2 protein chains.
Amino acid sequence: MKTTVTVPIPELPESDHHNCRALGQILDRVGDKWTVMVVGVLSRGPLRFNQMMREIGGVSHRMLTLTLRSLERDGLVTRTAYATIPPKVEYALTDAGSSLIEPLRALSNWAIEYRPVIDQARAEYDMRVI
Amino acid sequence: MKTTVTVPIPELPESDHHNCRALGQILDRVGDKWTVMVVGVLSRGPLRFNQMMREIGGVSHRMLTLTLRSLERDGLVTRTAYATIPPKVEYALTDAGSSLIEPLRALSNWAIEYRPVIDQARAEYDMRVI
DNA sequence: CAGTATCCAGTCGGATACTG
DNA sequence: CAGTATCCGACTGGATACTG
């Protein structure tokens with residue numbers, strides 16, 4: 001007899017809906033490009049505003065501000081202002097912010113591993129369609 | 001006044017950047033709400049179009065179509081059309097698509113664990129600001 | 001240096017209507 | 001049932017200019 005093929009799909013057993021919802025909401029908050037970038041560069045240590053702008057390339061002044069405000073509001077980043085002239089403001093990850101690095105790294109590894117696969121799939125798809 | 005600033009740059013600056021870029025690009029592709037939802041519901045097995053619409057609540061006809069096209073193009077989902085009347089089209093995860101579940105679950109677990117923390121941080125932040 | 005405010009072009013996505 | 005096409009309001013985010 002033929003054995004049933006056991007597909008190696010890790011299941012999301014019971015409360016998958018609940019999980020998806022929670023994940024969806026979190027992704028709305030931390031899943032955007034700049035948030036990830038900020039967490040990434042801050043994972044190596046605290047940075048000042050303009051340092052961060054240089055580290056992350058291509059982010060506008062405005063967007064970095066908004067992203068940092070949002071992260072600060074969510075308790076993932078701390079903002080420390082020194083009353084010097086010129087002003088100096090340091091941003092750093094909180095414990096909660098640091099804890100986000102691990103899952104993001106998991107996704108990053110996936111991205112690195114599967115990017116070639118995706119790129120090829122796209123190329124083939126576009127071949128067929130065009 | 002002459003100042004020489006020696007910036008304490010940690011090692012592996014390029015690979016970190018590279019990782020962030022890769023992750024950022026992947027998040028642009030798979031990091032949106034509906035993509036995550038689709039992968040989530042398909043993780044339990046193949047589904048037809050309208051089944052999926054019902055499983056995922058709140059997704060519009062149009063967005064589900066676009067999301068599925070995009071996933072198909074990236075080789076994460078297969079589309080199988082049966083020439084019956086009425087038409088029947090089944091969507092399923094590819095191996096690449098399935099492999100995405102693990103890192104997404106890592107993020108999902110983080111979301112579930114830290115949602116209360118975030119919510120409280122927000123509440124406190126809004127307290128202080130308002 | 002760090003941050004705010006304003007403008008506005010481009011994009012996103014829902015609603016709707018129509019086809020095989 | 002599954003998919004396409006069109007319209008259009010809402011939101012996004014960059015550029016720019018100004019403040020402490």
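Keep in mind that this is a model prediction, so the values were computed, not measured.
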Write down the distance between [atom1] ([X]) and [atom2] ([N]), rounded to a whole number of angstrom.
| X | N | atom1 | atom2 | answer |
| --- | --- | --- | --- | --- |
| R54(A) | dC1(C) | CZ | C1' | 10 Å |
| M37(A) | dG13(D) | CE | P | 13 Å |
| I56(B) | dG13(C) | CD1 | C1' | 15 Å |
| M53(A) | dG3(C) | CE | P | 12 Å |
| N50(A) | dC1(C) | CG | C1' | 6 Å |

Closer than 4.0 Å, any side-chain N/O of R48(A) to the OP1 or OP2 of dC1(C)?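 It does not, given that no N or O in the side chain of R48(A) lies less than 4.0 Å from OP1 or OP2 of dC1(C).
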
Check the phosphate of dG3(D) against Y91(B), side-chain N and O only, distance under 4.0 Å to OP1 or OP2. Yes or no?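 Checking Y91(B) against dG3(D): at least one side-chain N or O falls below 4.0 Å of OP1 or OP2.
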
Protein proximity profile, nucleotides 14-20 of chain C - base contact B, sugar-phosphate-only contact S, no contact -, cut-off 4.0 Å on heavy atoms: BB----B

[X]: side chain to side chain contact (heavy atoms under 4.5 Å, CB included) partners, not counting sequence neighbours:
| X | answer |
| --- | --- |
| Q120(A) | E124(A) |
| A83(A) | none |
| P46(A) | E90(A), A92(A) |

Taking only residues two or more places apart in sequence, or in another chain, which ones meet T78(A) in a side chain to side chain donor-acceptor pair (under 3.5 Å)?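 Expected list: none.
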
Residues touching DNA chain D, which here means a heavy atom under 4.0 Å, drawn from residues 64-71 of chain B: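 Result for residues 64-71 of chain B: T65(B), R69(B), sorted by number.
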
With pairs taken as Watson-Crick or G-U wobble and both distances under 3.5 angstrom, which stems of at least three consecutive pairs involve DNA chain D?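 Looking at DNA chain D, the stems formed by three or more consecutive pairs are C:1-20 with D:1-20.
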
Whether the side chain of T94(A) engages the backbone of G75(A) through a donor-acceptor N/O pair (distance < 3.5 Å, no angle test) should be reported.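 Yes; at least one donor-acceptor contact below 3.5 Å.
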
Non-neighbouring partners of R29(A) that pass salt bridge (charged side-chain N to carboxylate O under 4.0 Å, His left out), sequence neighbours left out: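 Partners of R29(A) by the salt bridge (charged side-chain N to carboxylate O under 4.0 Å, His left out) criterion, ordered by chain and then number, come out as D119(B).
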
Name all residues meeting the salt bridge (charged side-chain N to carboxylate O under 4.0 Å, His left out) criterion together with E102(A); count only those two or more places apart in sequence or in a different chain, and write none if there are none.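 E102(A) satisfies salt bridge (charged side-chain N to carboxylate O under 4.0 Å, His left out) with R105(A) once adjacent residues are dropped.
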
Report yes if the side chains of Y82(A) and P87(A) come closer than 4.5 Å at any heavy-atom pair, otherwise no.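 When only atoms from C-beta onward are counted, P87(A) and Y82(A) do not touch, as no gap falls below 4.5 Å.
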
Expected list for residues 31-40 of chain A: side-chain donor-acceptor pairs under 3.5 angstrom, two or more places apart:
residue	atom	partner	partner atom	Å
D32(A)	OD1	T35(A)	OG1	2.6
D32(A)	OD2	W34(A)	N	3.4

Pairs flagged by salt bridge (Lys or Arg N to Asp or Glu O under 4.0 Å) wherever residues 58-77 of chain A is involved - sequence neighbours left out: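 Applying salt bridge (Lys or Arg N to Asp or Glu O under 4.0 Å) to every pair that reaches into residues 58-77 of chain A, excluding sequence neighbours, yields R69(A)-E72(A), R73(A)-D126(B), D74(A)-R122(B).
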
Mind checking what makes ring pair (Phe, Tyr, Trp, His ring centres under 6.0 Å) contact with Y91(B), not counting sequence neighbours?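 In terms of ring pair (Phe, Tyr, Trp, His ring centres under 6.0 Å), with neighbours along the sequence ignored, Y91(B) is linked to no residue.
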
